[in-house]
Undergrad: 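I have a structure here, written as structure tokens, and I will follow up with some questions on it.
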Amino acid sequence: MTVYDQHNRPLQDLRISVTDRCNFRCRYCMPEEIFNKDYEFLPTKDILSATEIERISRLFIDLGVRKLRITGGEPLLRKDLTEIIRRLAALDAEDISLTTNGSLLRNKASELREAGLQRITVSLDALDDETFLNMNGRRSRITPVLEGIAAAAAAGLDVKVNMVVQKGVNEHAVLPMVEYFRNEGHILRMVEYMDVGNTNGWNREHVVSKQELLDRIGSQWPLEPIAPNYPGEVASRYRFVDGRGEIGLISSVTDAFCSTCTRARLSASGMLYTCLFAVKGHDLRKLLRSEADDAMLREQVHAIWSGRTDQYSLERELGRTSHGKVEMSHIGG
Ligand code: SAM
Ligand code: SF4
Ligand code: SF4
């Protein structure tokens with residue numbers, strides 16, 4: 001079965017946030033001034049259990065979802081993460097992946113792989129401690145993350161690295177990152193800094209565009225575009241002309257890809273969002289904890305996706321933006 005939205009986009013991916021907590025305070029996501037000791041994170045009772053996540057994922061798969069991605073907050077903070085992956089791996093999805101800051105990965109990678117995880121994306125914004133500490137709220141140096149990446153590769157996980165590039169903050173880290181991960185044999189993807197949530201003080205001037213990145217990297221190591229791995233792939237792919245690997249560019253600000261957006265997002269508390277920049281979610285937890293049977297839940301998700309009209313990044317280009325958006329740490333990017 002395939003469900004299409006109002007712009008004829010099929011529902012194909014589900015991103016599941018398993019916690020709203022994080023051991024980092026990246027300024028572009030959870031700035032310390034707001035996410036401090038006074039901030040009220042979700043109480044455990046409000047967070048979906050492994051059983052609830054499994055049930056809702058199965059229903060999404062019935063509706064055509066093929067790929068599941070676990071995210072957060074920081075998913076490795078969740079004690080039953082391996083159990084969640086084991087349950088999801090037993091379902092009929094094509095692919096299960098995880099996005100993590102990598103700081104707690106070293107001792108967990110092989111366990112996650114054994115539970116059925118196939119792919120992992122590790123977020124890392126620089127290769128020098130000072131820049132990295134400055135960006136993550138002084139929570140972690142580089143070494144634990146690099147060790148996590150090494151452990152994931154050794155465990156047989158397909159590893160990609162995501163870097164958010166911010167003007168004047170970590171631009172200088174772009175070429176060293178490209179060189180390092182090209183040598184390591186991992187694909188590095190550079191993400192344009194986005195105006196997610198309401199707390200990061202985003203300004204278009206802070207964005208380093210896809211084109212600027214391509215120009216800078218290409219002048220050092222010539223690049224050529226290559227075809228996407230599948231229709232609707234978010235990153236545009238480029239390979240090094242010298243044959244030593246590829247990079248990806250995720251350009252949600254300067255080159256929006258809403259027309260092929262097939263992703264639904266489930267927050268840790270069971271709210272369904274049909275756009276990363278959504279203002280309003282749909283409460284699936286209430287239904288999951290009611291007498292509603294699977295057919296009723298499927299019907300509800302079907303109705304939500306069928307009515308979907310979101311294309312925030314395209315609208316941003318037209319000068320329209322919204323207020324009161326959901327926070328990135330809530331729905332996981
Ligand atoms: N904590 C995990 C991590 O950092 O990988 C998973 C959750 S995090 C919200 C998911 C991704 O969103 C990370 O790769 C992060 O760099 C990215 N992200 C967060 N805020 C962003 C922003 N304002 N612009 C672009 N990417 C952002
Ligand atoms: Fe935490 Fe990831 Fe957000 Fe950084 S980007 S604060 S690691 S959730
Ligand atoms: Fe999808 Fe919304 Fe991002 Fe557009 S802005 S690509 S609709 S999540």
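As a basis for the values below, the full set of heavy atoms in this structure was taken, side chains included, without hydrogen atoms, waters or symmetry mates.
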Undergrad: With a 4.5 Å cut-off on side-chain heavy atoms, are Leu59 and Val301 touching?
TA: no
Undergrad: Hey, what do you get for CZ (Phe257) to OG1 (Thr262), rounding to the nearest 0.5 Å?
TA: 11.0 Å
Undergrad: Kindly say whether Asn134 contributes a backbone atom to a donor-acceptor pair with the side chain of Arg27 at under 3.5 angstrom?
TA: yes
Undergrad: Does any non-hydrogen side-chain atom of Ile96 lie less than 4.5 Å from one of Leu91?
TA: no
Undergrad: Does any part of the side chain of Arg189, heavy atoms only, come nearer than 4.5 Å to the side chain of Val234, both counted from C-beta?
TA: no
Undergrad: State whether the side chain of Arg265 and the backbone N or O of Met271 hold a donor-acceptor pair below 3.5 Å, judged by distance alone.
TA: no
Undergrad: Given the rule in the side chain to side chain contact (heavy atoms under 4.5 Å, CB included) test, do Asn183 and Arg244 qualify, once you have shown the distances and angles that lead to the verdict?
TA: CA-CA 8 Å; Asn183 288 336; Arg244 295 192 35 222; 2.5 Å; yes
Undergrad: Look at the side chain of Arg239 and the backbone N and O of Glu224, then say whether any donor-acceptor pair between them is shorter than 3.5 Å.
TA: no
Undergrad: Could you check if a side-chain atom of Arg113 sits within less than 4.5 angstrom of a side-chain atom of Ile120, using non-hydrogen atoms only?
TA: no
Undergrad: I'd like to know if the side chain of Gln12 reaches the main chain of Arg263, judged simply by a donor and an acceptor atom lying under 3.5 Å from each other, with no hydrogens or angles considered.
TA: no
Undergrad: Do Tyr180 and Leu124 belong to the same hydrophobic cluster, where Ile, Leu, Val, Met, Phe, Trp and Tyr are linked whenever their side-chain heavy atoms lie under 4.5 Å apart, directly or via other members?
TA: yes
Undergrad: How close do Lys286 and Asp283 get, counting heavy atoms only, and between which atoms?
TA: N-OD1, 3.1 Å
Undergrad: Check Val178, Ile250, Leu214 against Met190 for a side-chain contact (heavy atoms from CB on, under 4.5 Å) and give me the one that passes.
TA: Val178
Undergrad: If you count every heavy atom of other residues, nucleotides or ligands that lies below 6.0 Å from Arg141 atom CZ, does the total exceed 12?
TA: no
Undergrad: Are the charged groups of Arg289 and Glu52 less than 4.0 angstrom apart, N to O?
TA: yes
Undergrad: Working note: Lys67 + Asp95, criterion salt bridge (Lys or Arg N to Asp or Glu O under 4.0 Å); need CA distance, chi angles, decisive distance, verdict.
TA: CA-CA 5 Å; Lys67 295 182 178 183; Asp95 185 60; 5.2 Å; no
Undergrad: Side chains of Asn36 and Arg25: is there a donor and an acceptor less than 3.5 Å apart?
TA: no
Undergrad: Asn170 versus Val165: any side-chain heavy-atom pair under 4.5 Å?
TA: yes
Undergrad: Tell me, yes or no, whether the heavy-atom count around Asp92 atom CG, taken from other residues, nucleotides or ligands under 6.0 Å, exceeds 12.
TA: no
Undergrad: Parallel under 30°, tilted from 30 to 60°, perpendicular over 60°: which one fits the rings of Trp202 and Tyr193?
TA: tilted
Undergrad: In Å and rounded to the nearest 0.5 Å, what is the CG to CG distance from Leu112 to Leu157?
TA: 7.0 Å
Undergrad: If you measure from the Lys or Arg side-chain nitrogens to the Asp or Glu carboxylate oxygens, is any gap between Arg58 and Glu54 under 4.0 Å?
TA: no
Undergrad: Please tell me if the side chains of Tyr312 and Cys258 come closer than 4.5 Å, counting only heavy atoms from C-beta onward.
TA: no
Undergrad: Can you check whether Asn229's main-chain N or O pairs, donor with acceptor, with Glu233's side chain at less than 3.5 Å?
TA: yes
Undergrad: Considering all heavy atoms of both residues, which atom of Leu11 and which atom of Trp305 are nearest to each other, and what is their separation?
TA: N-NE1, 3.4 Å
Undergrad: Any chance you could measure Cys22, atom SG, to Phe41, atom CZ, to the nearest 0.5 Å?
TA: 8.5 Å
Undergrad: Using only heavy-atom distances, determine whether the side chains of Asn162 and Thr121 contain a donor-acceptor pair under 3.5 Å.
TA: no
Undergrad: Which heavy-atom pair separates Pro144 from Ser103 by the least distance, and what is that distance?
TA: CB-O, 4.0 Å
Undergrad: Is it true that Glu130 and Arg138 have a side-chain N and a carboxylate O under 4.0 angstrom from each other?
TA: yes
Undergrad: For the hydrophobic clusters of this structure (ILVMFWY residues joined by side-chain heavy atoms under 4.5 Å, transitively), does one cluster hold both Leu272 and Leu42?
TA: no
Undergrad: Test salt bridge (Lys or Arg N to Asp or Glu O under 4.0 Å) on Lys108 and Glu111; report intermediate values, then the result.
TA: CA-CA 5 Å; Lys108 279 277 172 187; Glu111 182 181 316; 3.4 Å; yes
Undergrad: State, to 0.1 Å, how close Gly148 and Leu105 come at their nearest heavy-atom pair, and which atoms those are.
TA: O-CD2, 3.4 Å
Undergrad: Spell out, yes or no, whether Phe240 and Met177 are grouped together once hydrophobic residues are joined by side-chain heavy atoms under 4.5 Å, including indirect joins.
TA: yes
Undergrad: With clusters defined by side-chain heavy atoms of hydrophobic residues (ILVMFWY) lying less than 4.5 Å apart, directly or transitively, does Met135 cluster with Met30?
TA: no
Undergrad: Test side chain to side chain contact (heavy atoms under 4.5 Å, CB included) on Ile47 and Arg78; report intermediate values, then the result.
TA: CA-CA 11 Å; Ile47 291 182; Arg78 181 122 175 194; 3.2 Å; yes
Undergrad: Less than 4.5 Å apart, side chain to side chain, heavy atoms only: is that true for Phe277 and Arg316?
TA: yes
Undergrad: Looking at Asp294 and Arg55, does any basic side-chain N land under 4.0 Å from a carboxylate oxygen?
TA: yes
Undergrad: Looking at Val207 and Glu212, what are the two nearest heavy atoms and their distance?
TA: O-OE1, 4.2 Å
Undergrad: Once you round to the nearest 0.5 Å, how far does CD of Gln300 lie from NE2 of His282?
TA: 8.5 Å
Undergrad: Looking at CG of Leu175 and OG of Ser219, how far apart are the two atoms once the value is rounded to the nearest 0.5 Å?
TA: 7.0 Å
Undergrad: Please assess Leu284 against Leu48 for the test side chain to side chain contact (heavy atoms under 4.5 Å, CB included), listing each intermediate value before the final yes or no.
TA: CA-CA 10 Å; Leu284 296 187; Leu48 295 190; over 6 Å; no
Undergrad: Tell me, with the steps shown, if Ser269 and Asp46 meet side chain to side chain donor-acceptor pair (under 3.5 Å).
TA: CA-CA 6 Å; Ser269 60; Asp46 288 353; over 6 Å; no
Undergrad: Find out if a path of hydrophobic residues (ILVMFWY) with successive side-chain heavy-atom gaps under 4.5 Å connects Ile187 to Leu213.
TA: no
Undergrad: Which pair of non-hydrogen atoms, one from Val18 and one from Ala268, has the smallest distance, and what is that distance?
TA: C-CB, 3.9 Å
Undergrad: Heavy atoms, side chains only, cut-off 4.5 Å: are Cys261 and Arg308 in contact?
TA: yes
Undergrad: Decide whether a cation-pi geometry holds between Arg66 and Tyr230; the criteria are a distance under 6.0 Å from NZ or CZ to the six-membered ring centre and an angle within 45° of the ring axis.
TA: no
Undergrad: Can you check whether Thr19's main-chain N or O pairs, donor with acceptor, with Ser17's side chain at less than 3.5 Å?
TA: yes
Undergrad: Between Thr254 and Gln211, is any side-chain donor less than 3.5 angstrom from a side-chain acceptor?
TA: no
Undergrad: Side chains of Glu74 and Asn101: is there a donor and an acceptor less than 3.5 Å apart?
TA: yes
Undergrad: Evaluate Phe24 against Phe132 for side chain to side chain contact (heavy atoms under 4.5 Å, CB included), listing each step before the verdict.
TA: CA-CA 11 Å; Phe24 282 17; Phe132 190 48; 3.9 Å; yes
Undergrad: Rounded to the nearest 0.5 Å, what's the gap from CZ on Phe60 to CG on Leu297? Could you check?
TA: 9.5 Å
